[in-house]
Amino acid sequence: MGTARPPITWSFFVSGTSLPMAPIFKSGAFLQQCFAIHPRCLSLTRLEEQEHLVLTCDSCNMVHRLTISVVTVRTPAASQAADLPRAREECLPVACVGACVAVHPTALMVHEMDVLQDSVGLRCAACRRLYNLSVSAFETRQQ
């Protein structure tokens, strides 16, 4: 009989260290699962590189990174008449979401998720805006 082969193990390491790095899953299914099971545990962490939105799930310790292509901003009818001339407008992610992230990041929550349409909806409790994000790439990893 031959010698027993050890089981195949995958190891990822952070460059320059011996720390293992969690694999990155390029699917929106993990974010949709977090949103379906415990939506209030998803929180916006940061907006990085002007087009990547990072969400963390406190319940399952997952980090979700979304590459945003288009943001559609909607405002409620009451504040639209007072503040903004248009109810819907297309803009760059930094200009629209960046202002909310900078001023009140804890007020932003995921309120809608559709992996088949590659879209995520954010709602800001402070300024009452709704952000519909068209996502070009989903990435998920364990913290």
Side-chain angles (χ1 to χ4, degrees), residues 4-143:
R5 296 174 64 186
I8 297 174
T9 58
W10 297 96
S11 58
F12 300 90
F13 293 96
V14 178
S15 64
T17 68
S18 61
L19 298 173
M21 184 175 77
I24 296 174
F25 302 102
K26 299 196 182 255
S27 170
F30 292 98
L31 177 59
Q32 185 167 8
Q33 186 72 16
C34 285
F35 179 70
I37 295 174
H38 35 74
R40 300 216 184 261
C41 295
L42 281 172
S43 60
L44 179 83
T45 306
R46 66 187 174 275
L47 180 68
E48 60 183 27
E49 298 177 14
Q50 302 181 354
E51 64 181 9
H52 300 288
L53 193 67
V54 179
L55 302 165
T56 56
C57 180
D58 297 330
S59 182
C60 59
N61 292 326
M62 298 287 245
V63 177
H64 307 283
R65 186 173 182 232
L66 313 175
T67 303
I68 305 167
S69 57
V70 177
V71 175
T72 304
V73 182
R74 293 185 297 158
T75 56
S79 64
Q80 177 217 349
D83 298 332
L84 298 172
R86 291 180 290 183
R88 295 177 64 92
E89 58 188 50
E90 298 284 328
C91 61
L92 296 173
V94 175
C96 299
V97 181
C100 274
V101 172
V103 177
H104 35 75
T106 57
L108 283 163
M109 300 187 79
V110 177
H111 79 95
E112 150 180 75
M113 174 79 206
D114 190 352
V115 175
L116 298 176
Q117 298 293 323
D118 291 334
S119 67
V120 173
L122 296 178
R123 180 175 46 98
C124 181
C127 64
R128 304 186 51 86
R129 286 192 175 117
L130 297 172
Y131 299 102
N132 292 328
L133 311 174
S134 293
V135 180
S136 59
F138 293 94
E139 295 176 354
T140 298
R141 68 174 174 83
Q142 193 109 33
Q143 277 185 332

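Computed from a predicted model, the values in this text were never measured in an experiment. Just the heavy atoms: all of them, side chains too, but no hydrogens, waters or symmetry mates, feed the values below. The chain is numbered in sequence order, starting from 1.
The line from CZ of R65 to CD of E49 is 5.0 Å long, rounded to the nearest 0.5 Å. Atom-to-atom distance recorded for Q32:CD and T140:OG1 is 11.5 Å, nearest 0.5 angstrom. Here L55 contributes atom CG and R46 contributes atom CZ; the two are 10.5 Å apart, rounded to the nearest 0.5 Å. Summarising the geometry, atom CZ belonging to F30 is positioned 10.0 Å from atom SG belonging to C60; distances are rounded to the nearest 0.5 Å. Between the CD1 atom of I68 and the CG atom of D118 there is a distance of 13.0 Å, given to the nearest 0.5 Å. For the atom pair OG (S136) and CD (E51), the distance works out to 7.0 Å, reported to the nearest 0.5 Å.
At distances below 3.5 Å, not a single donor-acceptor pair connects side-chain atoms of S134 with backbone N or O atoms of S69.
Within a 6.0 Å radius of CD in E139, other residues, nucleotides and ligands contribute more than 12 heavy atoms. The environment of E48 atom CD is dense: over 12 non-hydrogen atoms of other residues, nucleotides or ligands sit within 6.0 angstrom.
For the pair L31/V120, a side-chain contact is recorded, criterion being any heavy-atom separation below 4.5 Å from C-beta on. Counting only heavy atoms from C-beta outward, the side chains of M62 and Q142 approach each other to under 4.5 Å.
Of all the heavy atoms in C127 and H104, the pair that sits closest is SG-CE1, 3.9 Å. Here the closest heavy-atom approach between residue C124 and residue L108 is recorded as CB-CD2, 3.7 Å. Minimum heavy-atom separation, V97 to V71: CG2-CG1, 4.1 Å. Between Y131 and C100, the closest heavy-atom pair is OH-SG, 2.9 Å. The shortest heavy-atom contact between I24 and R141 is CG1-CB, 4.3 Å. Scanning all heavy atoms of the two residues, the minimum distance from F138 to M113 falls at CE2-CE, 3.8 Å.
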Should L122 and V110 be marked as a side chain to side chain contact (heavy atoms under 4.5 Å, CB included) after you check the CA-CA gap, both sets of side-chain angles, and the distance that decides it? CA-CA 4 Å; L122 296 178; V110 177; 3.7 Å; yes
Report all side-chain donor-acceptor pairs from residues 36-44 shorter than 3.5 Å, counting only partners two or more places apart or in another chain.
residue : atom : partner : partner atom : Å
H38     : ND1  : C34     : O            : 3.4
S43     : OG   : T56     : OG1          : 3.2

